[in-house]
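Below is one structure; the comments refer to it alone.
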Amino acid sequence: KPSPCGMRLRRHRAVVPLNAAFDLLLQAKARLQRQGDSVQLLLSDVDRVMEQVSVVISDLEDPRHYPNPEAADTGEA
């Protein structure tokens with residue numbers, strides 16, 4: 001902006017702290033985005049392991065996958 005000759009303009013004294021606060025907010029936002037990416041990765045890992053555990057649980061609950069101990073005593077399997 002043009003200024004009248006001989007008149008020196010000064011910035012408002014709040015500009016420097018506001019710029020510092022803005023920079024801190026940018027840093028915080030970047031950290032939050034990285035943490036969000038980490039959380040998403042952890043959630044996908046947990047989902048994958050839960051699916052694997054569910055398969056094992058369903059196999060263990062299916063009596064066809066292990067012999068009946070009472071039938072083994074009588075010679076049946």
Holding to side-chain contact (heavy atoms from CB on, under 4.5 Å), I want the full list of residues that pass it with Ile57, two or more places apart in sequence or in another chain. Val53, Glu61
With sequence neighbours excluded, tell me which residues meet side-chain contact (heavy atoms from CB on, under 4.5 Å) with Arg10. none
Listing request: all salt bridge (Lys or Arg N to Asp or Glu O under 4.0 Å) pairs with a residue in residues 43-57, at least two apart in sequence or in separate chains. Asp45-Arg48
Besides Met50, the hydrophobic cluster formed by Ile, Leu, Val, Met, Phe, Trp and Tyr side chains linked at under 4.5 Å, directly or via other members, contains Val46
List, one per line, each side-chain donor-acceptor pair under 3.5 Å for residues 19-41, sequence neighbours excluded.
{"residue": "Asn19", "atom": "ND2", "partner": "Val15", "partner atom": "O", "Å": "3.3"}
{"residue": "Ser38", "atom": "OG", "partner": "Arg34", "partner atom": "O", "Å": "3.2"}

